[in-house]
2 protein chains.
Amino acid sequence: MLSKKTRYAFRALSYLAENYGKGPILISDISVKKKIPLKFLENILNELKKVDLLESKKGKGGGYYLKVSPKKINLATVIRVINGPIALLPCVSLNFYERCEDCDEKHCGIRKIMTITRDATLKILEKKTLHDIIFASF
Amino acid sequence: MLSKKTRYAFRALSYLAENYGKGPILISDISVKKKIPLKFLENILNELKKVDLLESKKGKGGGYYLKVSPKKINLATVIRVINGPIALLPCVSLNFYERCEDCDEKHCGIRKIMTITRDATLKILEKKTLHDIIFASF
DNA sequence: ATAATATCCTACCAATTTGGTAGGGAAATT
DNA sequence: AATTTCCCTACCAAATTGGTAGGATATTAT
Ligand code: FES
Ligand code: FES
């Protein structure tokens with residue numbers, strides 16, 4: 001399951017997506033509107049900034065805003081940044097690969113099935129974007 | 001990601017599947033062959049027994065064995081028992097449903113996409129069985 | 001300048017989950 | 001009655017999760 005933090009990230013991002021092009025949005029504004037603990041949200045938005053999904057501005061008139069269009073930010077990217085691997089096993093992860101101890105990858109049946117599962121999941125999560133989140137909600 | 005415990009469960013089950021029909025297998029045998037900590041494995045097998053995937057026999061000649069054919073035990077079932085929900089959000093889980101606070105299910109775009117993802121995942125994990133694990137490994 | 005505004009950074013914290021271990025009890029077999 | 005094997009309860013350390021606190025830093029307005 002996705003962590004609470006990741007769910008917060010999606011809620012915050014969808015709010016920013018709804019306000020795309022309207023300039024910087026205050027953390028405190030997002031916090032109140034989306035009911036996310038302020039200081040926790042601060043941290044989340046900062047992480048999203050560090051991977052270039054968001055841009056920020058300090059001082060009066062400042063805040064956070066999407067760096068690119070909501071149509072260009074897919075869900076897989078967000079999950080990887082905040083939640084971590086999408087694959088069900090480390091030996092199957094594209095972005096967080098780790099070898100399985102005591103298991104031979106060449107002849108591992110579990111791995112093969114989890115690879116198929118990963119591909120099916122990614123096919124959806126890499127195609128769906130923040131834009132889809134907003135417009136799936138009407 | 002699946003827990004280490006779940007990976008142990010799959011390794012143990014695939015060993016039991018390979019030996020299906022050959023009578024009870026010792027925990028200690030599985031532990032050594034599949035390199036799983038003995039006491040931890042004890043616990044795992046017992047949980048699988050409680051949901052009727054395994055049967056056990058005590059005393060000499062005893063051990064654990066699959067209660068039904070490897071073709072009838074799918075991966076989704078195993079994951080749910082040992083790892084928990086398969087869906088990425090509680091509001092989308094079929095077997096572990098929980099309402100999302102501060103989120104209206106009717107108009108939630110995230111939920112809709114996660115439902116699609118869940119269905120794609122389940123389509124695979126409910127179809128693939130222990131038998132497939134064994135025969136995908138050759 | 002300097003005050004005000006707002007993000008950024010570091011450190012800490014409690015509760016829960018994960019990945020075990022220890023020790024003995026209960027049932028079946030010899 | 002001894003041996004074998006699973007079963008049950010309790011405990012434990014380390015990691016992760018979901019935060020909070022307090023101030024440093026950058027920008028803007030006066
Ligand atoms: S190689 Fe990763 S589970 Fe076998
Ligand atoms: S209802 Fe579960 S995320 Fe919106």
Side-chain angles (χ1 to χ4, degrees), chain A residues 1-12 16 23-32 34-67 79 81-85 89-90 96 98 100-102, chain B residues 1-12 16 23-32 34-67 79 81-85 89-90 96 98 100-102:
Chain A
M1 296 245 287
L2 300 176
S3 66
K4 213 166 172 180
K5 188 177 179 183
T6 308
R7 279 173 254 167
Y8 285 152
F10 277 128
R11 295 237 300 275
L16 290 175
I25 310 286
L26 291 177
I27 301 179
S28 56
D29 182 21
I30 306 174
S31 169
V32 169
K34 290 292 186 174
K35 293 186 184 168
I36 304 170
L38 180 67
K39 296 296 277 181
F40 198 32
L41 177 59
E42 246 180 61
N43 180 266
I44 294 168
L45 296 176
N46 212 244
E47 285 183 46
L48 292 169
K49 183 197 170 180
K50 281 177 182 163
V51 296
D52 281 329
L53 291 177
L54 299 182
E55 194 52 80
S56 70
K57 227 191 130 192
K58 287 181 181 175
K60 188 158 194 179
Y64 276 97
Y65 51 95
L66 292 186
K67 200 169 182 179
I79 290 175
V81 171
I82 305 295
N83 208 72
L89 293 176
F96 300 83
E98 274 179 70
C100 285
E101 35 178 353
D102 305 325
Chain B
M1 296 245 290
L2 299 176
S3 67
K4 213 166 171 180
K5 189 177 178 183
T6 308
R7 278 172 255 167
Y8 284 152
F10 277 127
R11 294 238 300 274
L16 291 174
I25 311 286
L26 292 176
I27 301 178
S28 57
D29 183 22
I30 306 174
S31 170
V32 170
K34 290 293 187 173
K35 293 186 185 169
I36 304 170
L38 180 68
K39 297 295 276 182
F40 198 32
L41 177 59
E42 248 180 60
N43 179 266
I44 294 168
L45 296 176
N46 213 243
E47 285 183 46
L48 292 169
K49 183 197 170 179
K50 281 177 182 162
V51 296
D52 280 329
L53 291 177
L54 298 182
E55 194 52 81
S56 69
K57 225 191 131 193
K58 287 181 181 173
K60 188 157 195 179
Y64 277 98
Y65 51 97
L66 293 185
K67 200 168 182 180
I79 291 174
V81 171
I82 305 295
N83 209 71
L89 293 176
F96 300 83
E98 274 179 70
C100 285
E101 37 179 350
D102 306 325

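Just so you know, these numbers come straight off a predicted model, no measurement behind them. Every chain is numbered from 1 and lettered A, B, ... according to where its sequence line falls, protein lines coming before strand lines.
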Distance check needed: D:dT9 C1' versus B:Lys50 NZ, whole Å only. 11 Å
Distance check needed: C:dT18 C1' versus B:Tyr8 OH, whole Å only. 11 Å
Interatomic distance where NZ belongs to A:Lys58 and P belongs to C:dT7 [whole Å]: 10 Å
Contact between A:Leu41 and A:Lys34 at the side-chain level, heavy atoms closer than 4.5 Å - yes or no? no
DNA chain C: B:Asn83 or B:Leu38, which has the more 5' nearest nucleotide? B:Asn83
Mind calculating the distance between CZ (A:Phe40) and P (D:dA21) to the nearest angstrom? 14 Å
Atom CD1 of A:Ile30 and atom P of C:dA6: how far apart are they, to the nearest Å? 13 Å
Interatomic distance where CE belongs to B:Met1 and P belongs to D:dT16 [whole Å]: 11 Å
Please compare A:Lys57 and A:Pro37 by the position of their nearest nucleotide in DNA chain D and report the one closer to 5'. A:Pro37
Touch class at under 4.0 angstrom, heavy-atom based, for A:Lys4 against every strand present: sugar-phosphate
Position toward the 5' end of DNA chain D (nearest nucleotide), A:Gly59 or A:Lys39: A:Lys39
With a 4.0 Å cutoff (strictly under), does any side-chain N or O of A:Asn46 reach OP1 or OP2 of C:dT7? no
Establish, from distance only, whether the side-chain atoms of A:Ser28 and A:Ser31 form a donor-acceptor pair under 3.5 Å. no
For D:dA26, take OP1 and OP2 only and decide whether either is under 4.0 Å from a side-chain N or O of A:Lys60. no
Rounded to whole angstrom units, what separation is found between the NZ atom of A:Lys49 and the C1' atom of C:dA6? 12 Å
Could you give the distance from CG (A:Leu54) to CG (A:Asp52), rounded to the nearest 0.5 Å? 9.5 Å
Base, sugar-phosphate or nothing for B:Leu26? Non-hydrogen atoms, less than 4.0 Å. sugar-phosphate
Between B:Glu47 (CD) and C:dG19 (C1'), how many Å, whole number? 13 Å
Flag the pair A:Glu47 / A:Asn43 as yes when at least one side-chain heavy-atom distance between them is below 4.5 Å, and no otherwise. yes
Report yes or no: does A:Asn83 contribute a side-chain atom to a donor-acceptor pair with the main-chain N or O of A:Ser3 at less than 3.5 Å? yes
